[in-house]
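Nothing here was measured: the structure is a model prediction, and the numbers come from that model. Read the numbers this way: they start at 1 and go in the same order the structure lists the ligands and their atoms.
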Amino acid sequence: MKAKQLTKAYDGKKAVDEVSFSIPKGKVTSLIGPNGAGKSTVMGMISRLIASDSGCIDFEEKDIKQWKSRELAKKLAILTQSNAIQMKLTVKELVSFGRFPYSGSHINETDKKIIDRAISYMELCELENRFIDELSGGQRQRAYIAMVIAQDTDYILLDEPTNNLDIYHATNMMKIVRRLCDELGKTVVMVLHEINYAAFYSDYICAFKDGRIAKFGTVREVMTKEVLSDIYRVDFEIQEIEGKPLSIYY
Ligand SMILES: Nc1ncnc2c1ncn2[C@@H]1O[C@H](COP(=O)(O)OP(=O)(O)OP(=O)(O)O)[C@@H](O)[C@H]1O
Ligand SMILES: [Mg+2]
């Protein structure tokens, strides 16, 4: 996936300003950066949920605008930052819902294969089958992630997947992401505020600041005192732990 000069303004104010990048296939790429830097707007544009004002996105050698929704939904699934399905659904129904939010089509509940797959993803995310509006914030977040990965698309986009998750479940989720990439060849793009998760579990990091890319590179190229201190405006130290450059900030 290649984005060229993407720009998006809201009410005349640029949220994303002529941003170009390419997402390496079969790798995990994390978008980091302060609140309001434009990360979710970029995620929205690369999943076609948000229309760009200008610029273009090549997705599998075709302009993303030319993809039929149903075909795009088979290739790419996204967890948005604010999930809110206003329906009384159980976890199992949600996870097997599939193809959401593009086609809105219900999958026939009698399709055993889909139900089995939903159950295996529920188990992977350690979920019981209860109504989603009766779950805790973190349980609901895991149910939404299970729904997204159960769609079995080549591209998986996760906007702040660790939101509301405790350290055990957040770490578990990062390990699932790594396996989706390493064992199933998925391309994962995620937005993270925990930069040490980005450093530990991704291959590439794209650091945003003020609607632009401050630095896009391998984990080692981006996880430097200079880049991080610049984008977040706090002091950083980098320490090698288990062969990864991890950060301490204060
Ligand atoms: N629907 C909208 N209408 C108006 N302004 C918006 C809208 N969505 C985003 N913005 C603005 O665009 C800018 C970028 O927002 P975006 O959601 O992309 O940031 P972000 O990097 O994802 O931040 P966060 O880390 O807080 O999620 C912000 O200034 C925000 O206020
Ligand atoms: Mg966001």
Side-chain angles (χ1 to χ4, degrees), residues 1-23 28-57 59 64 76-86 100-102 137-138 140-145 147-149 155-165 167 170 173-174 177 187-202 204-217 219 222-223 227-234 236 247 249:
M1 177 187 286
K2 239 189 197 127
K4 287 182 217 146
Q5 303 219 288
L6 287 184
T7 297
K8 177 74 187 176
Y10 297 105
D11 308 320
K13 196 169 175 296
K14 277 186 185 167
V16 174
D17 192 5
E18 297 204 355
V19 158
S20 301
F21 55 89
S22 63
I23 302 290
V28 178
T29 302
S30 289
L31 314 188
I32 64 165
N35 292 143
K39 306 176 298 296
S40 294
T41 303
V42 164
M43 291 289 268
M45 289 191 285
I46 64 176
S47 58
R48 217 175 63 179
L49 288 178
I50 296 175
S52 62
D53 295 337
S54 59
C56 61
I57 297 158
F59 183 62
I64 202 163
L76 182 151
I78 181 168
L79 171 84
T80 57
Q81 195 169 355
S82 48
N83 305 290
I85 295 178
Q86 303 295 332
F100 180 85
Y102 294 95
R140 197 171 312 135
Q141 175 78 347
R142 282 186 273 135
Y144 281 110
I145 297 173
M147 177 196 75
V148 171
I149 60 180
Y155 285 76
I156 299 169
L157 276 47
L158 303 169
D159 196 343
E160 301 197 23
T162 54
N163 252 0
N164 291 321
L165 300 192
I167 293 169
M173 202 48 79
M174 290 297 102
V177 163
T187 303
V188 183
V189 185
M190 54 184 174
V191 175
L192 288 175
H193 284 299
E194 301 91 340
I195 47 181
N196 285 338
Y197 275 152
F200 208 86
Y201 294 102
S202 9
Y204 295 92
I205 299 180
C206 183
F208 282 86
K209 185 188 177 188
D210 301 334
R212 291 172 183 268
I213 294 175
K215 182 92 179 168
F216 192 159
V219 165
V222 179
M223 288 294 292
V227 172
L228 298 177
S229 302
D230 172 50
I231 67 168
Y232 288 110
R233 299 175 299 147
V234 289
F236 276 85
S247 66
Y249 36 94

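Under a 4.0 Å heavy-atom criterion, Glu160 is in contact with ligand 1. Not close to ligand 1: Gly211, with no non-hydrogen atom less than 4.0 angstrom away. Heavy atoms of His193 approach ligand 1 to within less than 4.0 angstrom.
The shortest side-chain heavy-atom distance between Phe216 and Thr29 falls under the 4.5 Å cut-off. Put simply, the side chain of Val189 reaches to within 4.5 Å of the side chain of Leu31, judged on heavy atoms. Considering only heavy atoms from C-beta on, Thr41 comes within 4.5 Å of Tyr10 through its side chain. In this structure the side chain of Ile23 reaches within 4.5 angstrom of the side chain of Thr187, judged on heavy atoms.
Among all protein heavy atoms, the one lying closest to atom 25 (O) of ligand 1 is Lys39 NZ, 2.8 Å. Summary of contacts: the protein heavy atom closest to atom 3 (N) of ligand 1 is Tyr10 CD2, 3.6 Å. At the top of the distance list for atom 16 (P) of ligand 1, counting protein heavy atoms only, stands Thr41 OG1, 3.6 Å. In this structure, atom 26 (O) of ligand 1 lies nearest to the protein heavy atom Asn35 ND2, 2.9 Å. Atom 23 (O) of ligand 1 has its closest protein heavy atom at Gly36 N, 2.8 Å.
Relative ring orientation between Tyr249 and Phe236 is described as tilted, the plane-to-plane angle lying within the 30° to 60° band.
Counting atoms of ligand 1 from 1 in the listed order, those under 4.0 Å from a heavy atom of Gly38 are 14 (C), 18 (O), 19 (O), 20 (P), 21 (O). Atom numbering of ligand 1 starts at 1 in the shown order; those under 4.0 Å from a heavy atom of Ala15 are 12 (O), 13 (C), 14 (C). Atoms of ligand 1 found under 4.0 Å from any heavy atom of Gln81 (numbered from 1 in listed order, with element): 27 (O). In summary, the atoms of ligand 1 found under 4.0 Å from a heavy atom of Pro34, numbered by their order in the structure, are 21 (O). Ligand-side atoms of ligand 1 in range of Ser40: 17 (O), 18 (O), 20 (P), 22 (O), 27 (O), range being under 4.0 angstrom from any heavy atom.
When distances from atom 30 (C) of ligand 1 to the protein are checked, no heavy atom turns up under 4.0 Å.
At a cut-off of 3.5 Å, with distance as the only test, a side-chain donor of Glu194 or Thr162 sits close to an acceptor on the other residue. At a cut-off of 3.5 Å, with distance as the only test, a side-chain donor of Ser40 or Asp159 sits close to an acceptor on the other residue.
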Should Met223 and Ser247 be marked as a side-chain contact (heavy atoms from CB on, under 4.5 Å) after you check the CA-CA gap, both sets of side-chain angles, and the distance that decides it? CA-CA 7 Å; Met223 288 294 292; Ser247 66; 3.8 Å; yes
Test log, rule side-chain contact (heavy atoms from CB on, under 4.5 Å), inputs Tyr204 and Val28: CA-CA 6 Å; Tyr204 295 92; Val28 178; over 6 Å; no
Quick one: do Tyr232 and Ile32 satisfy side-chain contact (heavy atoms from CB on, under 4.5 Å)? Show the steps, please. CA-CA 10 Å; Tyr232 288 110; Ile32 64 165; 3.5 Å; yes
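Lys215 is linked by a salt bridge (Lys or Arg N to Asp or Glu O under 4.0 Å) to nothing, counting only residues two or more places apart in sequence or in another chain.
Across all their heavy atoms, Gln141 and Asn163 have their closest contact at CG-O, 3.3 Å.
With rounding to the nearest 0.5 angstrom, the NZ atom of Lys2 is 7.0 Å from the NZ atom of Lys4.
At under 3.5 Å, not a single nitrogen or oxygen of Gly33, backbone or side chain, sits near a nitrogen or oxygen of ligand 1.
The count of protein N, O or S atoms under 2.8 Å from the Mg ion (ligand 2) stands at 2, with waters excluded from the count.
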